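I have placed the structure first, in the form of structure tokens, so that the comments after it can refer back to it.
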Amino acid sequence: MLEPYVRPGIDDRPDLDKALSPEDKDAVARLAIKDRRRPPEASADQPEAQAVRLAAAGSSAAAAAAASVDAPAPDLSSAYLDMRDPMVAANGQRPTTGQVSRLNWGFFAASILVGAPWIALNTIAMPNAVARLFGYDTASAISVTINPSTGRPLPVATDLVVPLAVLVVVGVVASMFAMPLVSALSDRTRIPLGRRTPWMVAGGVLCALITLVLGQNTGLVVLCFFWALMQFAYAMISVPLASAISERVPDKFRPRIERWHGIGVMLGQALGVCMGALGVMFDSFTPFAYTAVLFAVSGILTVIMLPKEPSSQEQPHQRFESSQVFDQLRPPAHAPAFARVFAARVCMMTGVGLTGVFLWYLVRFWVYGKAVVFTSAPLTIPAGLLIAGMAAATLIGAALASWAAGPISEKIEERNIATTAVVAASCLLYAIGVAVAWGLGVWSTGTARENGMLLFALISGFAFGVYDALGLELVMNALPDPRNAGHDLGIYALSNSVGLALAAIIGALLVNAFEHSFGYYLLFPSAIVMVLLAGIVTLAAESAQ
């Protein structure tokens with residue numbers, strides 16, 4: 001009788017359930033790959049998220065993001081470094097063509113909606129609220145005392161610098177803790193709406209409510225308290241937004257979307273200054289009112305414009321520990337190159353902040369301080385128009401910088417010119433812009449001071465844009481460990497806050513010490529010194545290497 005044909009390796013394969021003993025099955029199970037879901041990467045460790053936050057900082061022209069300079073953050077989780085599909089985002093989604101377009105224009109519009117009201121508050125509304133607390137109302141003229149020895153008006157409203165400096169420092173300290181706290185909490189959000197969506201919506205609504213409180217005529221202590229709360233509310237919308245760009249945009253489309261996000265940041269900054277300046281002309285509460293409206297709709301509109309975020313219910317539960325917040329504030333150890341670029345950035349941001357923090361007072365009480373001797377019209381009308389003109393000039397300068405940064409980077413590479421030399425030259429150019437405003441301010445006749453401030457805005461916008469775009473390359477080269485690039489970029493972003501706080505303190509000390517002689521006039525030479533010091537530290541960093 002013929003036996004049935006036995007296919008080798010198929011029909012004669014033993015039944016492992018019967019052939020293997022229980023001990024053998026346990027051994028095989030120990031060697032098997034277990035399909036466990038990988039915990040999502042913390043937003044504080046995402047280099048791309050930290051780069052977006054750095055570009056979206058209020059003191060930055062965001063030209064680094066808008067420019068075509070090839071200085072990407074060293075992201076070891078990029079799909080281009082392994083066999084993953086670059087058309088798939090970090091959260092596992094593969095967006096369609098229409099969804100990619102929604103991501104592009106959604107993040108572009110979100111950068112304007114979120115950035116404009118924040119800049120309006122910081123630049124105009126809050127300084128004017130402090131001025132209102134001390135009797136410098138928007139709709140009233142200011143009495144000026146004439147110095148009998150010189151025949152010139154004495155400095156006006158120099159008593160405002162200390163309370164404004166206190167408010168700025170309180171906001172900076174609160175912001176330094178708010179951003180890592182919100183970052184850690186949003187990473188652990190497990191609801192059907194996703195990790196970032198509820199934070200952006202709730203943050204926008206909370207910002208709107210606190211803004212309405214800030215617009216009331218309260219005391220300085222109450223103002224500082226709610227301004228500190230405002231830092232947490234704003235972090236609720238800005239931090240998840242930056243993380244969403246890193247998580248939801250595939251590597252294939254990230255350069256284009258980040259560039260449009262940078263353009264939106266620049267437009268939002270200019271629009272915010274104009275909104276605050278034009279709104280405060282006649283009513284000190286007006287900028288708070290429409291700023292609250294923009295905040296309220298910013299998170300909601302952002303969620304509507306972007307594709308629906310996937311649910312985060314399936315992500316593993318992660319225990320929250322306070323050390324995860326404080327670790328984000330710990331600088332890298334044994335990193336002298338990083339320390340030098342950080343120090344240079346602090347000096348630069350201090351110089352920028354010396355005029356930026358007190359810009360509303362400079363224009364209202366220094367540029368137009370002499371005008372109230374001859375008219376009873378509200379100072380905020382010409383001051384608001386000049387501030388709006390300066391915002392437009394800064395935008396033009398920043399746009400020129402973002403356009404020219406790419407060709408400049410290529411030229412210096414072709415001619416083997418050190419990037420540090422060009423970055424230091426941009427510091428010198430910024431100092432020249434400050435010197436123009438300072439020098440024309442000496443001739444307090446006609447429109448010299450107004451023209452000086454407009455030229456300063458144009459030159460500084462271009463200089464700081466070049467500094468931002470090319471200086472980013474120095475930062476990437478100074479990172480001590482590419483594996484910790486996200487954490488170190490987050491530390492570097494703190495240089496903006498440190499510089500802002502130092503500018504408020506130094507400016508308050510100088511103006512208060514010479515309140516009866518120079519007043520706000522001393523902000524210009526001190527800004528020049530700090531900006532030039534930033535250039536010197538940058539060159540010293542190159543020589544040290």
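These numbers were taken from a predicted model, which means no experiment stands behind them.
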With a 3.5 Å distance limit and no angle check, can you tell me whether S243 reaches the backbone of V239 through a side-chain donor-acceptor pair?
yes
Mind checking whether E247 and R195 have side chains closer than 4.5 Å, heavy atoms only?
yes
Ion pair present between R330 and D488, side-chain N to carboxylate O less than 4.0 angstrom?
no
Does D468 use its side chain to pair, donor to acceptor, with the backbone of F464 at less than 3.5 Å?
no
Side-chain heavy-atom pair V130, Y361 within 4.5 angstrom cut-off
yes
Drop me the distance from W260's CH2 to F107's CZ, to the nearest 0.5 angstrom.
15.5 Å
side-chain contact (heavy atoms from CB on, under 4.5 Å) evaluation trace for W360 with V280:
CA-CA 11 Å; W360 178 240; V280 81; 3.5 Å; yes
Qualifying residues under side-chain contact (heavy atoms from CB on, under 4.5 Å), relative to F225, sequence neighbours excluded
L229
For R102 and G98, indicate whether the former's side chain and the latter's backbone hold a donor-acceptor pair under 3.5 Å.
no
Determine whether a donor-acceptor pair (N or O, by modelled atom type, separation under 3.5 Å) exists between the side chain of H261 and the backbone of W105.
no
Close side-chain approach of R196 to V303, heavy-atom, < 4.5 Å:
no
Applying ring pair (Phe, Tyr, Trp, His ring centres under 6.0 Å) to F462 and not counting sequence neighbours gives none
Show the nearest heavy-atom pair for residues G299 and V201, with the distance to one decimal.
O-CG2, 4.0 Å
Could you give me the CA-CA distance, side-chain angles and deciding distance for T97 and S101, then say whether side-chain contact (heavy atoms from CB on, under 4.5 Å) is met?
CA-CA 6 Å; T97 303; S101 179; over 6 Å; no
Would a 4.5 Å heavy-atom cut-off, applied to side chains only, mark Y430 and M348 as touching?
yes
Interatomic distance, CD@E258 vs OG@S246, rounded to 0.5 Å, equals 8.0 Å
Of all heavy-atom pairs linking G204 and S298, the shortest is CA-OG, 4.3 Å
Step-by-step side-chain contact (heavy atoms from CB on, under 4.5 Å) determination, R345 to N496:
CA-CA 7 Å; R345 178 77 176 191; N496 292 331; 3.1 Å; yes
Minimum heavy-atom distance I191-S311, with the two atoms named
O-OG, 3.6 Å
With sequence neighbours excluded, residues passing ring pair (Phe, Tyr, Trp, His ring centres under 6.0 Å) with F226:
none
M305 side, atom CE; N104 side, atom CG - distance, nearest 0.5 Å
12.0 Å
On a heavy-atom basis, the closest approach of G276 and A120 is N-CB, 4.0 Å
Where the side chain of S426 meets the backbone of V423, is there a donor-acceptor pair that is under 3.5 Å apart?
yes
Going by the rule side-chain contact (heavy atoms from CB on, under 4.5 Å), which residues pair with F285 if we only count those two or more places apart in sequence or in a different chain?
L212, Q216, D283, F288, A289
Hey, could you give me the CG/CG distance between N128 and L133, rounded to the nearest 0.5 Å?
10.0 Å
Can you list everything that forms a side-chain contact (heavy atoms from CB on, under 4.5 Å) with L185? Sequence neighbours excluded, please.
L181, W199, F320
If I take atom CG from residue L223 and atom CE from residue M230, how far apart are they, to the nearest 0.5 angstrom?
11.5 Å
Measure from the side-chain N and O atoms of T350 to the backbone N and O of V346, and report whether any donor-acceptor pair falls under 3.5 Å.
yes
Mind listing the closest non-hydrogen atom pair of T419 and E473 along with its distance?
OG1-OE2, 3.7 Å
Hey, what do you get for CE (M349) to CG (L502), rounding to the nearest 0.5 Å?
11.5 Å
Check for a donor-acceptor pair, side chain of T394 on one end and backbone N or O of M390 on the other, with a separation under 3.5 Å.
yes
T197 side chain to G194 main-chain N or O, any donor-acceptor pair under 3.5 Å?
no
The ring pair (Phe, Tyr, Trp, His ring centres under 6.0 Å) partners of F295 (sequence neighbours excluded) come to none
What pair of heavy atoms forms the shortest contact from S183 to S186, and how long is it?
O-OG, 3.1 Å
Counting C-beta onward and ignoring hydrogens, is there a side-chain heavy-atom pair between P198 and T189 closer than 4.5 Å?
yes
How about S312 and R190: does a side-chain donor come under 3.5 Å of a side-chain acceptor?
no
Measure the shortest side-chain to side-chain distance between L470 and Y467 over non-hydrogen atoms and say whether it is less than 4.5 angstrom.
no
Please walk me through it: do L103 and F253 pass side-chain contact (heavy atoms from CB on, under 4.5 Å)?
CA-CA 10 Å; L103 288 170; F253 310 106; over 6 Å; no
I want to check something: taking the side chain as every heavy atom from C-beta on, are Q93 and V88 in contact at a cut-off of under 4.5 Å?
no
Sub-3.5 Å donor-acceptor pair from the side chain of S402 to the main-chain atoms of A399, do we have one?
yes
Are side-chain heavy atoms of L209 and V213 found at a separation under 4.5 Å?
no
